[in-house]
Asks: 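Mind having a look at this structure? Questions to follow.
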Amino acid sequence: MGQAKNRGTQDQRIAQAKEKIDALRPAKMVCGACKTSFTDFGVIDTRGMPGIHAAFGGVCPSCGETVLAFSGGKDAVAAAMIAWQDAMGAEGKLGMQSRDGVHKSFDN
């Protein structure tokens, strides 16, 4: 106990956490289904997701698909995607995206 106080006040720690997430936020997301890029998406809470540094999600404005982006360790991102697919009961359209929005689909 007391370690957090060494990193600043609660408000300072919240601001630091927000800055880290904002630094990982992609400029846009690309839908894996229809390849539409969009910028209206939010932050997903990653507490309880070990190895995930940040997560973002939104709904594609063209086709209505849910689009997610996870940032973190390779195994943690894979586990998060599998958990999401299991929770949704559907297979996702997996791909990789750079922070500037360049999308690469992973075809089966």
Side-chain angles (χ1 to χ4, degrees):
M1 293 287 283
Q3 292 292 331
K5 288 183 180 180
N6 293 333
R7 295 189 314 266
T9 67
Q10 182 178 16
D11 288 341
Q12 289 170 327
R13 293 190 312 271
I14 290 169
Q16 290 167 358
K18 186 177 179 334
E19 287 173 12
K20 282 183 182 180
I21 291 170
D22 287 345
L24 294 171
R25 184 182 181 90
K28 58 186 172 182
M29 290 179 60
V30 179
C31 177
C34 71
K35 308 303 182 235
T36 298
S37 64
F38 59 99
T39 58
D40 184 18
F41 55 90
V43 176
I44 297 173
D45 186 355
T46 60
R47 288 178 285 188
M49 299 173 75
I52 300 295
H53 306 134
F56 307 93
V59 176
C60 176
S62 293
C63 70
E65 288 284 331
T66 299
V67 181
L68 302 172
F70 293 97
S71 175
K74 181 177 163 181
D75 291 340
V77 169
M81 287 305 304
I82 290 169
W84 182 264
Q85 287 182 142
D86 289 348
M88 297 305 294
E91 188 172 322
K93 295 167 185 67
L94 301 179
M96 184 174 76
Q97 179 178 314
S98 65
R99 289 207 44 231
D100 61 355
V102 176
H103 184 266
K104 175 185 176 185
S105 293
F106 295 148
D107 295 331
N108 293 338

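Only heavy atoms go into these numbers, but all of them, side chains included; no hydrogens, no water, no symmetry mates.
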Asks: How far does NZ of Lys28 sit from OG1 of Thr36, to the nearest 0.5 angstrom?
Replies: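 If I round to the nearest 0.5 Å, the distance is 11.0 Å.
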
Asks: Check residues 71-86 and write down every donor-acceptor pair under 3.5 Å in which the side-chain atom is one partner and the other belongs to a residue at least two apart or another chain.
Replies:
{"residue": "Gln85", "atom": "OE1", "partner": "Gly92", "partner atom": "N", "Å": "2.5"}

Asks: Would a 4.5 Å heavy-atom cut-off, applied to side chains only, mark Cys31 and Ser62 as touching?
Replies: no

Asks: Verify side-chain contact (heavy atoms from CB on, under 4.5 Å) between Val43 and Lys18, making sure each step is shown before the conclusion.
Replies: CA-CA 10 Å; Val43 176; Lys18 186 177 179 334; over 6 Å; no

Asks: What do the steps show when you test Val59 against Phe38 for side-chain contact (heavy atoms from CB on, under 4.5 Å), and what is the final call?
Replies: CA-CA 9 Å; Val59 176; Phe38 59 99; over 6 Å; no

Asks: Provide the closest heavy-atom pair for Glu65 versus Ala33 in the form atom of the first, atom of the second, distance.
Replies: CG-CB, 3.7 Å

Asks: Quick check for you: to the nearest 0.5 Å, what is the distance between Met29 atom CE and Cys60 atom SG?
Replies: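 Nearest 0.5 Å value for the CE-SG distance: 10.0 Å.
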
Asks: Looking at every heavy atom in both Ala55 and Phe70, which two are closest together, and how far apart are they?
Replies: CB-CD2, 3.6 Å

Asks: Counting heavy atoms not belonging to Asp45, are there more than 12 under 6.0 Å from its CG?
Replies: yes

Asks: Could you report the tightest heavy-atom contact between Ile44 and Gly57, atom names first, then the distance?
Replies: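 Shortest heavy-atom contact: CD1-N, 3.7 Å.
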
Asks: For His53 versus Leu24, what's the shortest heavy-atom pair and its separation?
Replies: CB-CD1, 3.7 Å

Asks: Examine distances only and state if a side-chain atom of Thr46 and a backbone atom of Met49 form a donor-acceptor pair shorter than 3.5 Å.
Replies: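 No; zero donor-acceptor contacts below 3.5 Å.
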
